[in-house]
Amino acid sequence: MPKPRTKKDVLVVETCLLAGKIMIENGSEMSRVTDTIYRIAENAQAYQARAYVTLTGIMMSPSSKIGAQIAVIEKRTFNLEKVSLVNDYSRQFAEHKITLQEFHSRLALIEKNVKDFPFWLQTLSAAIISGTLEVVFRNNLPDLWAACVVGMLGWIAYYMISKYIAVQFISEFLAAFVVAVASVIAIKLHLANSTDDLIIGGIMPLVPGVPITNAVRDALSGNLVSGPARGLEAFMIACALGFGVALALTIFK
Amino acid sequence: MFILNIFFVYIATVCFGILVNVPHRALNLDGIVGVLGWLVYYLYVNHFGGYIGGNFFGTFTIGIAGVLASRYKKLPVIIFNIPGLVPLVPGGQAYQVMRDMALNEYGLAKYNLLQVAFIAGSISAGFLVAEVVNQLLFKARHYRSPRHYHRDKLEKIEKKRHR
């Protein structure tokens with residue numbers, strides 16, 4: 001019994017794809033995305049919906065008679081607030097507090113309305129992370145301030161480079177280079193005691209925490225496509241950081 | 001020094017939360033989860049010794065506390081897991097590997113690389129066991145596989161049709 005392609009089916013697919021796209025782009029794990037998509041479909045009475053979710057794209061068909069639609073995911077950043085917002089909307093939709101149409105229009109507004117924390121606050125936090133973790137890891141209290149400054153410089157370099165250059169991993173590489181060079185200079189000027197401690201502290205804001213955690217969670221949920229892909233991303237970032245530091249040390253030692 | 005370290009871990013975790021843009025209302029609990037994980041790690045390493053066990057139990061604590069926090073705040077679990085993990089990341093050893101390689105000291109590099117590998121392994125093992133405990137004890141919602149989703153509803157629809 002072939003069903004005609006209805007407006008509602010189209011809207012269901014559009015909403016599911018948009019929700020999944022926002023979640024993956026902002027650093028959610030795959031099982032959560034799959035779960036959210038199926039829940040939205042279930043609550044919209046599209047019981048025959050099927051979806052295939054990977055790190056770089058989503059395919060979804062609302063029923064067996066209608067062709068699948070695709071969403072391509074090209075950029076990946078970290079904004080966990082957007083992930084939790086999509087979650088909230090999905091929950092509201094399940095409780096019939098918002099309609100499907102409202103759900104879709106709210107999702108479309110997320111990209112525009114939800115902002116990252118401001119740049120100065122992020123820079124300040126990067127500085128604080130560097131200083132505090134340097135003390136926690138190495139028990140080197142006198143170098144706290146130098147580590148703060150070094151970490152701040154590294155984060156500014158990372159932010160600016162990833163904003164203006166669209167090459168993956170170059171921002172981590174150059175930021176690590178900046179951190180190492182700044183540390184060596186600080187030692188040469190007798191502002192601090194230990195290069196190692198400064199570099200370890202300065203690199204901590206750049207650590208790929210989101211890809212590491214998601215790689216583990218994806219692999220554990222049995223997603224053998226996206227888990228290793230995330231793991232590779234984390235490994236590449238770690239390598240870029242390491243090569244940046246190693247390059248600076250070989251040049252300036 | 002110990003109290004200062006706890007305070008610093010709290011601040012660092014909250015600040016990492018700011019870097020990955022977690023929702024405002026989760027920031028405080030992020031810090032508490034991070035401190036709990038680090039405390040377990042620290043006490044284990046100082047009383048029993050061994051980074052592997054310390055990281056395992058630290059991550060395990062983060063996994064359990066993360067699920068409890070996420071239920072309390074009704075937010076995704078990763079919001080609490082990701083910043084909480086930061087004080088346990090083997091950044092120091094990973095850096096030493098690269099430094100030793102850059103300075104042509106491959107013996108030391110190999111030693112540190114093995115340490116990093118084992119710490120990473122124990123972190124994932126900690127998450128794995130925490131996941132198992134969450135499902136068994138707290139009946140945490142584990143994600144269903146797609147083919148279980150609409151089966152009962154489809155059956156109902158079929159029955160209606162036959163009537």
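All heavy atoms count here, side chains included; hydrogens, waters and symmetry mates do not. Quick note on labels: first sequence line is chain A, next is B, and so on, each numbered from 1.
Counting only N and O atoms by type, the side chains of A/Asn223 and A/Asp218 include no donor and acceptor under 3.5 Å apart. In this model, a donor atom of one side chain and an acceptor atom of the other lie less than 3.5 Å apart for B/Tyr95 and A/Asp196.
By the ring-ring contact (aromatic ring centres under 6.0 Å, His included) test, B/Phe57 is found to be paired with B/Tyr44, residues two or more places apart in sequence or in another chain being considered. Residues forming a ring-ring contact (aromatic ring centres under 6.0 Å, His included) with B/Phe118 (at least two apart in sequence, or on another chain): none.
Sparse packing is recorded around CZ of B/Phe48, with 12 or fewer heavy atoms of other residues, nucleotides or ligands lying under 6.0 Å away.
In this structure the side chain of B/Ile78 reaches within 4.5 angstrom of the side chain of A/Glu29, judged on heavy atoms. Side-chain contact between A/Glu111 and A/Asn26 is present, with heavy atoms from C-beta onward closer than 4.5 Å. By the 4.5 Å heavy-atom criterion applied to side chains, A/Val13 and A/Asp9 are not counted as neighbours. Within the 4.5 Å cutoff, the side chain of A/Ile156 has heavy atoms near those of the A/Phe119 side chain. Between A/Met30 and A/Ile24 the shortest side-chain heavy-atom distance falls below 4.5 Å.
At a threshold of 4.0 Å, the pair A/Glu25-A/Lys82 does not count as salt-bridged, since none of the basic side-chain nitrogens sits closer than that to a carboxylate oxygen. Between A/Glu42 and A/Arg39, no side-chain nitrogen of the basic residue sits less than 4.0 Å from a carboxylate oxygen of the acidic one, so the salt-bridge criterion is not met. In this structure, A/Asp116 does not pair ionically with A/Lys163, as no charged nitrogen and carboxylate oxygen lie closer than 4.0 Å.
Heavy-atom distances place no part of B/Met101 under 4.5 Å from chain A, backbone and side chain included. Proximity to chain B (any heavy atom under 4.5 Å) is restricted, for A/Arg138, to the side chain, taken from C-beta onward. Residue A/Ile37: no heavy atom, backbone or side chain, is found under 4.5 Å from chain B. The contact between A/Phe137 and chain B is made entirely by side chain atoms (from C-beta outward), counting heavy-atom distances below 4.5 Å.
Note: B/Tyr42 and B/His47 fail the aromatic proximity criterion, with ring centroids not under 6.0 Å apart.
When each of A/Val135, A/Leu85, A/Asn214, A/Thr250 is checked for heavy-atom pairs under 4.5 Å with chain B, A/Val135 comes out on top. Taking chain B as the reference chain and counting heavy-atom pairs below 4.5 Å, the highest number among A/Val216, A/Ile129, A/Thr213, A/Leu124 is found for A/Ile129. Across A/Leu121, A/Thr123, A/Ile199, A/Leu247, the residue that shares the most heavy-atom pairs under 4.5 angstrom with chain B is A/Ile199. Annotation: maximal heavy-atom pairing with chain A below 4.5 Å, among B/Pro76, B/Ala102, B/Gly91, occurs at B/Pro76. Highest contact tally toward chain B, considering only A/Val83, A/Val136, A/Asp88, is held by A/Val136 [criterion: heavy-atom pairs under 4.5 Å].
Of residues 3-22 of chain B, those residues with a non-hydrogen atom less than 4.5 Å from any non-hydrogen atom of chain A are, in numerical order, B/Leu4, B/Asn5, B/Phe8, B/Val9, B/Ile11, B/Ala12, B/Cys15, B/Phe16, B/Ile18, B/Leu19, B/Val20, B/Asn21, B/Val22. For residues 230-245 of chain A, heavy-atom neighbours of chain B at less than 4.5 Å comprise A/Gly242, A/Phe243, A/Val245, sorted by residue number.
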